[in-house]
J.: 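First the structure, which I've put down as C-alpha cells, then a few questions once you've had a look.
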Amino acid sequence: MPVGVVREAVLSTLREVLEDARAAGDLKLTTLPALVLDVPKNNTWGDLATTVAMNLSASERRAPREIAEIIAGRLRAHSDVLERIDVAPPGYINLTIKRDLWFQVLAEIEAQGERYGRSTLGLGKRVLLEFVSANPTGPLHMGHGRGAALGGALANLLLATGYEVTTEYYINDAGRQMKLLAESVEACCRKLLGQPDVEFPEDGYRGAYVEELAQKLIAKAEAEKRDPVLPHLERLCTEEAYRLLLDEIKSDLQGFGLHFDTWFSERGLFETGAVDRTLEVLKAKGHLFEQDGALWFRSTVFGDDKDRVVRKQDGEFTYLASDIAYHQDKLGRGYDLLINIWGADHHGYILRMQAAVEAFGYPKDRLKVILVQIVNLLRGGQRVTMSKRAGEMVTLREVVEEVGADAAKFIFLTRRADSQLDFDLDLAKQQSAENPVYYVQYAHARVASLFRVAAERGIAVPSTGSVDWTVLNSPDDLDLIKSLSEYPALLEASAQAMEPHRLTYYLQDLAARLHAYYYKHRILPPVLERELDSQDHLKPVAPEAGQGRKGETLTPALTAARLCLFRSVQTVIRNGLGILGVTAPERM
RNA sequence: GCGCCUGUAGCUCAGUGGAUAGAGCAUCAGCCUCCGGAGCUGAGGGCCACAGGUUCAAAUCCUGUCAGGCGCACCA
C-alpha cells in the first residue's frame, strides 16, 4: 500500500526484521501483527514509533520491554533507513529516520504531483455513493448542503484511494409528497387565475417558491397558447412543477461544484414495474405477509423493531416499497458497497433498509449509511430559524451566494458527520485566520505569490534533482517535510473511516506550519532600494548579503532548497483542497 | 417508554486502545526597514459528564446513570 516513501521504507524494514527474528527463533510470531506506525507525541522521542512489542507481549508470553529490545537490536542493522532506535517503557520502539530519506519525500511529491497521496487501498472495489437525494418539492437547504459537501469530498477521497466510485442522486418524483406539491401549486395557480375560494391543501407546501412556480406554469401554458389554461392545470402541476424544481436543484448543485454520475428516478421504478417485481421476489422468498388488508415486509426477521407495511389498505405502495426496489436495483448493478448519506432524522430507516438488503441475500454491511447531524445557522451569534412549513428557510443557494462555495464546503467539512454543526454566516464571510478556509487558501496563494516574485527576479524554482539538501538543516525544515510525508497515510485513514473532516484539520495544521516557517525564514534574498535600476526592475543583491530572521545566511543553495520545499507544500495543499472540492487560488 | 447521535479548556470543536489530552476563538503580553500582517511568537486556562468493568495500557472498548439533540406512521 503506497503510503509515502518514509513509511514504506520503515514498514518493510520492520517486516523484514520480524521475519528474521522468527527465523532465528528469537520470537515465536505465530501470527504477524498488524504493523502500525504512530507519530510520537513528543518529537524529541523520534520520528515514528511502533507499539508492536507491546501488542506481541501476550502471544509471546514475555515482557514488552524484552521484545522491544530484540526488535530494536535487529533494527539497528538497518542504518540505511534508521538513524536511531530507542526503546522506551513500557515497550515503545521509537525510530529516528535517516535524514536523506526525508528529502526523498520532496522528490516523491515532485514526481507524483497531483497524484501524490493517492493509493490503491480500495483495490478497485466498486462503490455507489448516493447522497443529497432531496425531494424535488422545494429548494435545497443547509442540511442538504452539508450532505452535498460530505458526499462530494467522500467521493473524491474514495477515488483517490483506489475505489471506483459512482455518485448518484435518487429523485423522489413519485408518491404522496409529489401529489401534495402538485396540489399546492395547483391551488396557487387557481388563486392567481381568480378563483379566490380554492382550498389550499392541508400540509401543503407554502413559501414564496410555490407561488413563483405557479406563475411560471401559467406563463408557460399561455405561451403554448393553451386557452383556457384551467383544464391543463392538473397535468401541468403534476408533470411540470417538480421538473422545474429539480432543474433548480441541479443548478444549485452545479453552483456548488458538484457532479452526479447518475440521476435515478423513483417514478421510473413504478413505470417499469420494478416495484411489483421486487415485491414478487420478496414474496417468493417468504418475506411478505398480508394483514389487516395491507401487505407487510417481515423485517423483524433481520433485526428490525417491527414489521413494515409495503402496500397500504388502499392499494398504494409506501415509500418503503419503492425504496426497497431502488436498493435491489443498486445491489443488482454489482457494487461491492452501497453508501447512503442521510440526514440524522432518518436514522430509523437504517435497520429496515439493511433488512431488505439481507432479504435479498446480501450481507447487511453491503449497505453503509452515513448519518449527518443537523446544521444550525447562526447570524450575529443568533440562531436563524428554519421552518419549511412556514416557508421561512435559508436556502443553500442563498448561503453560497453570500459566502461562496469554497467557504461553505470547507466549513461543512470542519466537523464529524456525527456532530451537530453551527454554521456562522458572519464567520464564513470573514477573510481572516478565524475563517479556516481563507487561512488554508492563503497559504497556497502565499506560495504562489512568492514564486511570482521569484520569477520577476529571474530566480527559478529548481527541480529536486539539482538541489543540495544538506542546507535544509533546521528543525523547521524537517518538521515541514514530516507533515508532508504524513499526507498519504492520512488520506488512507480518512478514506477508511469515511471521514473527510480529518483532511480539513490536516490542511489547517500544514498551513499553520507554512505560515510560521515563512515568517521565521527568508526564502528570497532581500532587495534593497538602491539596487533598483532606472527601469524599476528588481535586481537581486549579492547572495552573501541576505540575512534571515535568525541571523542565518541565505545562500543561493538555501533559496533553491526552500523554494523546492515550498513547492511541495503547495502541491499537498492543492491536492488536499481538491479532495474537499475547494479551489486553491493563486491570488486572493 | 424504546432507538440513534452527542457530552473533552470560558466558547466552538479535533483526538484510528498507547507516552506529558490538542487546535481555533476569547483573554493577557509581544512581533512589520525585508518574499502578501488575510501573517507570526508567547502565557494562562482540563476530576476528557458521572459510576463501575475489560486491558500491560481507556477520552477512546463494555455496562449503568445523568444531561442535550433527533427519531419512533398503512408520510417521505
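Letters go in sequence order (proteins before strands), and every chain restarts at 1.
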J.: Between A/D86 and A/R84, is there a salt bridge with N-O shorter than 4.0 Å?
T.: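 So A/R84 pairs with A/D86 through a salt bridge.
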J.: Using a cut-off of 4.0 Å on non-hydrogen atoms, how would the nucleic acid contact of A/A454 be classed: base, sugar-phosphate, or nothing?
T.: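 Nothing, no nucleic acid heavy atom in range.
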J.: Within this structure, what is the CG-to-P distance between A/N55 and B/rA19, rounded to whole angstrom?
T.: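 About 13 Å, once rounded to whole Å.
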J.: Looking across every strand, which nucleic acid part, if any, lies under 4.0 Å from A/D307 by heavy atom: base, sugar-phosphate, or nothing?
T.: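 Counting heavy atoms under 4.0 Å across all strands, no contact is made by A/D307.
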J.: Rounded to whole angstrom, note down the C1' distance from B/rC61 over to B/rC56.
T.: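 Looking at atom C1' only, B/rC61 and B/rC56 are 16 Å apart.
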J.: Answer yes when A/R7 and A/E486 have at least one side-chain N-carboxylate O distance shorter than 4.0 Å, and no when they do not.
T.: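 Judged by the 4.0 Å cut-off on N to carboxylate O distance, A/R7 and A/E486 do form a salt bridge.
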J.: I'd like the C1' distance from B/rU6 over to B/rA49, given in whole Å.
T.: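 B/rA49 and B/rU6 have their C1' atoms separated by 11 Å.
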J.: Nearest-nucleotide wise, let me know which of A/Q291 and A/P90 is further upstream toward the 5' end of RNA chain B.
T.: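 Whichever sits nearer the 5' end wins; that is A/P90.
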J.: Measure CZ/A/R502 against P/B/rA23 and give the value in whole Å, please.
T.: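 Taking atom P of B/rA23 as the reference, CZ of A/R502 is at 19 Å.
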J.: Round to a whole Å and report the spacing from CG of A/L491 to P of B/rU16.
T.: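 Rounding to the nearest Å, CG of A/L491 and P of B/rU16 are 17 Å apart.
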J.: So what does A/A493 touch, heavy atoms closer than 4.0 Å: a base, only the sugar-phosphate, or nothing?
T.: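 Contact class for A/A493: none.
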J.: Suppose we call a contact any N or O donor and acceptor under 3.5 Å apart; does that hold for the side chain of A/R522 and the base of B/rC34?
T.: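 In this structure, the two groups form a donor-acceptor pair.
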J.: Let's see if you can work this out: which of B/rG69, B/rC34, B/rC75 has an atom nearest to the side-chain heavy atoms of A/Q177?
T.: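 Nearest to the side chain of A/Q177 among the choices is B/rC75.
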J.: May I ask which nucleotide in the shown strands pairs with B/rC28, Watson-Crick or G-U wobble, both distances under 3.5 Å?
T.: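 The answer is B/rG42, by the H-bond criterion.
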J.: For A/L427 and B/rC11, what is the distance between atoms CG and P respectively, to the nearest whole Å?
T.: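 Whole-Å distance recorded here is 18 Å.
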J.: Is there aromatic stacking of A/Y505 on B/rA23 here, judged by a ring-centre distance under 5.5 Å and a plane angle under 30°?
T.: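 By the stated criterion, A/Y505 and B/rA23 do not stack.
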J.: How about A/F297 and A/F289: are their ring centres within less than 6.0 Å of each other?
T.: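 Centroid separation for A/F297 and A/F289: 6.0 Å or greater.
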J.: For the residue pair A/D47 and A/T96, confirm or rule out a side-chain donor-acceptor distance under 3.5 Å.
T.: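 Side chains of A/D47 and A/T96: no pair found under 3.5 Å.
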J.: I'd like the C1' distance from B/rG24 over to B/rC2, given in whole Å.
T.: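 Each nucleotide's C1' atom is 39 Å from the other's.
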J.: Checking contacts here: which listed nucleotide (B/rG71, B/rG39, B/rA21) is nearest the side-chain heavy atoms of A/R446?
T.: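 Nearest to the side chain of A/R446 among the choices is B/rG39.
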J.: Once you measure the plane-to-plane angle for A/H327 and A/W342, does it fall in the parallel (<30°), tilted (30-60°) or perpendicular (>60°) bin?
T.: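 Answer is perpendicular, since the angle exceeds 60°.
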J.: Do the side chains of A/M178 and A/R176 get nearer than 4.5 Å, heavy atoms only?
T.: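 In short, these two side chains do not touch, never coming nearer than 4.5 Å.
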J.: What's the shortest heavy-atom distance between A/L320 and A/V309, and which atoms?
T.: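 What the structure gives for the nearest pair is CD2-O, 4.2 Å.
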J.: Base, sugar-phosphate or nothing for A/Q420? Non-hydrogen atoms, less than 4.0 Å.
T.: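 A/Q420: backbone/sugar contact only, no base atoms under 4.0 Å.
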J.: Considering every strand and a 4.0 Å limit on heavy-atom distances, what is the contact class for A/N42: base, sugar-phosphate, or nothing?
T.: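 Since a base atom lies under 4.0 Å of A/N42, the category is base.
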J.: What's A/S57 touching, base or sugar-phosphate or nothing? Going by heavy atoms closer than 4.0 Å.
T.: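 No contact.
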J.: Can you check the distance between B/rA51 and B/rA67, where both ends of the measurement are the C1' atom (answer in whole Å)?
T.: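 Those two atoms are separated by 15 Å.
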J.: Less than 3.5 Å between a donor and an acceptor, one on the side chain of A/N94 and one on the base of B/rA19, is that the case here?
T.: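 Looking at the base of B/rA19, it does pair with a donor or acceptor on the side chain of A/N94 (distance under 3.5 Å).
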J.: Between B/rC56, B/rG69, B/rC35, which nucleotide gets closest to the side-chain atoms of A/I374?
T.: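 Nearest nucleotide to the side chain: B/rG69.
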J.: For B/rG3, what is the paired nucleotide under Watson-Crick or G-U wobble rules, both distances under 3.5 Å?
T.: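 Pairing partner, where one exists within any strand: B/rC70.
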J.: Can you figure out which of B/rC4, B/rC40, B/rC35 approaches the side chain of A/A516 most closely?
T.: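 Out of B/rC4, B/rC40, B/rC35, the nucleotide with an atom closest to A/A516's side chain is B/rC40.
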J.: Mind checking the C1' distance from B/rC35 to B/rG42? Whole angstroms is fine.
T.: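 Pairwise C1' distance, B/rC35 against B/rG42, rounds to 25 Å.
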J.: Closer than 4.0 Å, any side-chain N/O of A/Y439 to the OP1 or OP2 of B/rC40?
T.: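 So the side chain of A/Y439 is within the cut-off, an N or O lying under 4.0 Å from OP1 or OP2 of B/rC40.
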J.: Using Watson-Crick or G-U wobble geometry with both distances below 3.5 Å, tell me the partner of B/rU63, or none.
T.: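 Pairing partner: B/rA51.
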J.: Parallel, tilted or perpendicular for A/F566 and A/Y518, by the 30°/60° rule?
T.: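 Ring orientation of A/F566 relative to A/Y518: tilted.
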J.: Do A/H347 side-chain and B/rG3 base share a donor-acceptor contact under 3.5 Å?
T.: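 Check passes, donor-acceptor contact within cut-off.
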J.: Measure the distance from CG on A/D418 to C1' on B/rG7 and round it to the nearest whole Å.
T.: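 Those two atoms, CG and C1', are 13 Å apart.
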J.: Which one, B/rC40, B/rA21, B/rU12, comes nearest to the side chain of A/K41?
T.: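 That would be B/rA21.
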J.: Ignoring the backbone of A/R416, work out which of B/rG15, B/rC74, B/rG37 is nearest its side chain.
T.: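 Closest nucleotide to the A/R416 side chain: B/rG15.
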J.: Find the partner of B/rG37: check Watson-Crick (N1-N3 plus N6-O4 or O6-N4) and G-U wobble (N1-O2, O6-N3) distances, both under 3.5 Å, and reply none if neither fits.
T.: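 Matched B/rG37 with nothing under the 3.5 Å cut-off.
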J.: Return the 5'-most residue of the pair A/F451, A/R176 with respect to RNA chain B, ranking by each residue's nearest nucleotide.
T.: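 Of the two residues, A/F451 wins.
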J.: Run the ring-centre check on A/Y326 versus A/F264 and record whether the distance is less than 6.0 Å.
T.: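 Yes, they do, as the ring centres are separated by less than 6.0 Å.
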J.: Hey, does A/D314 reach any base, or is it just sugar-phosphate, or nothing, if we go heavy atoms under 4.0 Å?
T.: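 Nothing, no nucleic acid heavy atom in range.
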J.: Can you identify which nucleotide, out of B/rC74, B/rC72, B/rC13, has its nearest atom closest to the A/K306 side chain?
T.: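 Comparing B/rC74, B/rC72, B/rC13 against the side chain of A/K306, the answer is B/rC72.
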J.: Scan A/R311 against the nucleic acid and name what it touches under 4.0 Å (heavy atoms): base, sugar-phosphate only, or nothing.
T.: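 Answer is nothing: A/R311 stays at 4.0 Å or more from every strand.
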J.: A/R415 has a side chain; which of B/rC35, B/rG37, B/rC13 sits nearest to it?
T.: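 Nearest to the side-chain atoms of A/R415, counting from C-beta on, is B/rC13.
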J.: Using a cut-off of less than 4.0 Å, is there contact between a side-chain N or O of A/R65 and OP1 or OP2 of B/rC56?
T.: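 No, outside the criterion.
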J.: Can you tell me the distance, in whole Å, between the NE2 atom of A/H515 and the C1' atom of B/rG24?
T.: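 Going from NE2 in A/H515 over to C1' in B/rG24 covers 13 Å.
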J.: A/H501 near the nucleic acid: base, sugar-phosphate alone, or nothing, with a heavy-atom cut-off under 4.0 Å?
T.: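 Counting heavy atoms under 4.0 Å across all strands, the contact made by A/H501 is with sugar-phosphate only.
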J.: Enter syn or anti for the glycosidic conformation of B/rC5, syn applying to angles within 90° of 0.
T.: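 Chi for B/rC5 falls in the anti range.
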J.: Output yes when at least one side-chain N/O atom of A/K312 is less than 4.0 Å from OP1 or OP2 of B/rC75, else no.
T.: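 Checking B/rC75 against A/K312, a side-chain N or O does come within under 4.0 Å of OP1 or OP2.
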J.: Any N or O donor-acceptor pair linking the side chain of A/Y519 to the base of B/rC31 at under 3.5 Å?
T.: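 Counting by modelled atom types and ignoring angles, a donor-acceptor contact under 3.5 Å is found here.
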J.: Roughly how many Å apart are B/rA58 and B/rG52, using the P atom of each and rounding to a whole number?
T.: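 Roughly 14 Å separates the two P atoms.
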J.: With rounding to the closest Å, how many angstrom separate the P atoms on B/rG53 and B/rG44?
T.: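 B/rG53 and B/rG44 have their P atoms separated by 35 Å.
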J.: Could you measure the distance from the CD1 atom of A/I249 to the NE2 atom of A/H144? Nearest 0.5 Å is fine.
T.: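 If we round to the nearest 0.5 Å, A/I249:CD1 and A/H144:NE2 are 7.5 Å apart.
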J.: Roughly, in whole Å, what's the span from CG in A/L378 to C1' in B/rC11?
T.: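 Interatomic distance, CG of A/L378 to C1' of B/rC11: 12 Å.
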J.: Could you check which nucleotide pairs with B/rA23 in any of the strands shown, counting Watson-Crick or G-U wobble with both distances under 3.5 Å?
T.: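 Pairing partner, where one exists within any strand: B/rU12.
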J.: To the nearest Å, give me how far apart CG (A/L150) and C1' (B/rC5) are.
T.: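 Distance check: A/L150 CG to B/rC5 C1' gives 15 Å.
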J.: Using the C1' atom on both, measure B/rA59 against B/rU16 and round to a whole Å.
T.: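 Their C1' atoms lie roughly 14 Å apart.
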